[in-house]
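Computation of the quantities below employed the complete heavy-atom set of this structure, encompassing side-chain atoms and omitting hydrogens, waters and symmetry-equivalent molecules.
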Amino acid sequence: MANFTKSHVPRFSAEVYQNPYLPEGGREVHAIVTVTATGGGTTGGRPVSAGGADGPDAGVVIMVDCSGSMDYPPAKMRGAREATAAAIDTVRDGVGFAVVAGTHRATEIYPGGGRLAVAGATTRAQARAALRKLSAGGGTAIGTWLRLTERLLSSAGAAIRHAILLTDGRNEHESPQELRAALDACFGSFTCDARGVGTDWEVKEVTGIASALLGTADIVADPAGLTADFTRMTEKAMGKEVADVVLRLWTPLGAETVFVKQVAPTVEDLTGRRKESGPRSGDYPTGSWGDESRDYHLCLRVPAAGVGQEMLAGRVSLIISAPDGPASTTPPRPLSQGLVRAVWTDDAAASTSINPQVAHYTGQAELAHVIQQGLDARKSGDTDGATAKLGRAVQLAGSSGNEATAKLLAKVVDVVDAATGTVRLKAKVAEADEMTLETRSTKTIRVKK
């Protein structure tokens, strides 16, 4: 676990947006919590690793698919080499890094010896030379890549631990259970951005890896786009300042948590990842932070009460999670916190009003859900179901101003009337367009506050 000097921790703030008013007997409370971290990534502050000042402050491992299919066409392997070299050039001096070649087994391409190299002019040149030896051949067993990455990053004792995974095909040489076990073993050890190149990979597989390891997922249909994408991912990783931040939610006696979801910049359901942290208190992982802002949707169920009564429905805190091992006798100090209230009223206008932030993100979560349902229906031949779900998606994208998603939907359906969600399925859809819509369906836009 990382230790941070005071100046190295970004300042966190938590703002709560909600309508606290419930009708007599009402029980369900919704709130949007906007968490913002400032003063870290753009100020040059750097975390100090748990291993001491002599260890790297951050570690990055790049996993490159080297299975046989990466040679078809050869531009994929060439693009992967160039993108990995660009990512290494973007790694900050002093950061630990390694490159793993992934086939039906995982191989350390650089530096080798079960360790990370420390970024500098010499090691970057050595890594680029090693990349020229990458060749395609073999199968795909992503769980083995992840387990090697976990060992490499854990050995360095770095504060910020990040990975980039590139694949072009399906995980055919290990079972789904083996991949799931590897993801469970790696959770909490590092975050991972996953990318699919071309169109022969499985969207749910790649997005599932990124989701499990609190990273991002995307498609790079044309290998020529890999270098720019890898550079952006590495730059973002270099901006992370504090790892292992959890959202701690306390609820009073008699109250319960219905769900906790990240809703911006992407939709990610965190409900099932709760880890109990005390009486009526649970922690939800959020990963690493730099200078950024994210929104979370909380739904709490409170005991019914009469008109005029008021209660604290929940308290949200941002905490740097404790390392595994003996519990500390000193409770962690919240980086920031916000309060969720419940007030019972007989004013119908007050109790039926929906907070604009809650309404917006409820719609964005539904948008992601109906896109997935619509695409699944389309793949199964259910034309009517696909038309209805994707029509609803067009309606939601238009009403919320999510122009990026609206443009992706327009490549899959012909929009007759966006306001009513009237669409026709296109007879022919490019595979890359359908996969892009599916991969990016969870991306949301921020509500104007």
Side-chain angles (χ1 to χ4, degrees), residues 49 51 55-56 58-70 77 80-81 83-85 87-88 91 95-119 123 126-127 130-131 133-197 201 205-206 208-215 217 230 233-234 237 243 287-288:
S49 76
V60 179
V61 174
I62 302 170
M63 293 169 272
V64 182
D65 190 337
C66 293
S67 60
S69 58
M70 284 291 286
M77 196 72 243
R81 288 192 204 97
T84 303
I88 290 168
V91 171
V95 168
F97 76 97
V99 180
V100 169
T103 59
H104 50 281
R105 59 178 180 266
T107 306
E108 298 172 53
I109 291 300
Y110 184 81
R115 60 188 177 86
L116 302 184
V118 177
T123 54
Q126 291 171 346
L131 288 173
K133 301 174 185 176
L134 282 181
S135 60
T140 305
I142 295 175
T144 66
W145 315 354
L146 294 168
R147 288 183 183 275
L148 175 56
T149 295
E150 193 278 330
R151 291 195 297 272
L152 290 169
L153 288 169
S154 296
S155 71
I160 305 295
R161 302 168 300 278
H162 192 78
I164 292 172
L165 184 152
L166 175 70
T167 185
D168 80 322
R170 293 170 176 81
N171 196 44
E172 295 175 335
H173 290 81
E174 65 182 2
S175 69
Q177 293 77 18
E178 287 173 312
L179 176 58
R180 182 73 254 173
L183 290 169
D184 290 343
C186 294
F187 177 73
S189 177
F190 61 92
T191 57
C192 181
D193 292 325
R195 295 294 185 266
V197 60
W201 48 280
E205 206 164 66
V206 170
I209 291 167
S211 174
L213 298 178
L214 302 176
F230 270 44
M233 280 192 289
T234 309
S288 302

To the nearest 0.5 angstrom, please state how far the [atom1] atom of [X] sits from the [atom2] atom of [Y].
| X | Y | atom1 | atom2 | result |
| --- | --- | --- | --- | --- |
| Asn171 | Glu205 | CG | CD | 5.0 Å |
| His173 | Arg105 | NE2 | CZ | 11.5 Å |
| Thr103 | Ile142 | OG1 | CD1 | 11.5 Å |
| Ser154 | Arg161 | OG | CZ | 7.0 Å |
| Leu166 | Trp145 | CG | CH2 | 8.0 Å |
| Thr140 | Arg170 | OG1 | CZ | 11.0 Å |

Provide the closest heavy-atom pair for [X] versus [Y] in the form atom of the first, atom of the second, distance.
| X | Y | result |
| --- | --- | --- |
| Ala158 | Ala58 | CB-C, 3.6 Å |
| Ala136 | Met70 | CB-CB, 4.1 Å |
| Ala106 | Val100 | CB-CG1, 4.1 Å |
| Gly139 | Ser67 | O-CB, 3.2 Å |
| Ile62 | Ala87 | CD1-CB, 3.6 Å |
| Ser155 | Arg115 | OG-CA, 4.3 Å |

Applying the side-chain contact (heavy atoms from CB on, under 4.5 Å) test to His162, which of Leu153, Val95, Thr191, Thr234 qualifies? Thr191
Candidate list Leu214, Leu152, Leu213, test side-chain contact (heavy atoms from CB on, under 4.5 Å), partner Phe190, passing option: Leu213
With the side chain counted from C-beta on, respond yes when [X] and [Y] share a heavy-atom pair under 4.5 Å apart, and no when they do not.
| X | Y | value |
| --- | --- | --- |
| Cys186 | Thr149 | no |
| Phe230 | Thr84 | yes |
| Met63 | Cys192 | yes |
| Leu131 | Ile88 | yes |

Give a yes or no answer on whether the side chain of Arg151 reaches the backbone of Gly114 with a donor-acceptor pair at less than 3.5 Å. no
Check step by step if side chain to side chain contact (heavy atoms under 4.5 Å, CB included) holds for Leu146 and Leu183. CA-CA 7 Å; Leu146 294 168; Leu183 290 169; 3.6 Å; yes
Side chain to side chain contact (heavy atoms under 4.5 Å, CB included) assessment of Glu174 paired with Leu179: CA-CA 7 Å; Glu174 65 182 2; Leu179 176 58; 3.8 Å; yes
Show your reasoning for whether side chain to side chain contact (heavy atoms under 4.5 Å, CB included) applies to Leu116 and Val61. CA-CA 8 Å; Leu116 302 184; Val61 174; 3.9 Å; yes
Determine, step by step, whether Cys66 and Met77 satisfy the side chain to side chain contact (heavy atoms under 4.5 Å, CB included) criterion, reporting the C-alpha distance in whole Å, the side-chain angles of both residues, the deciding distance to 0.1 Å, and the verdict. CA-CA 8 Å; Cys66 293; Met77 196 72 243; 3.9 Å; yes
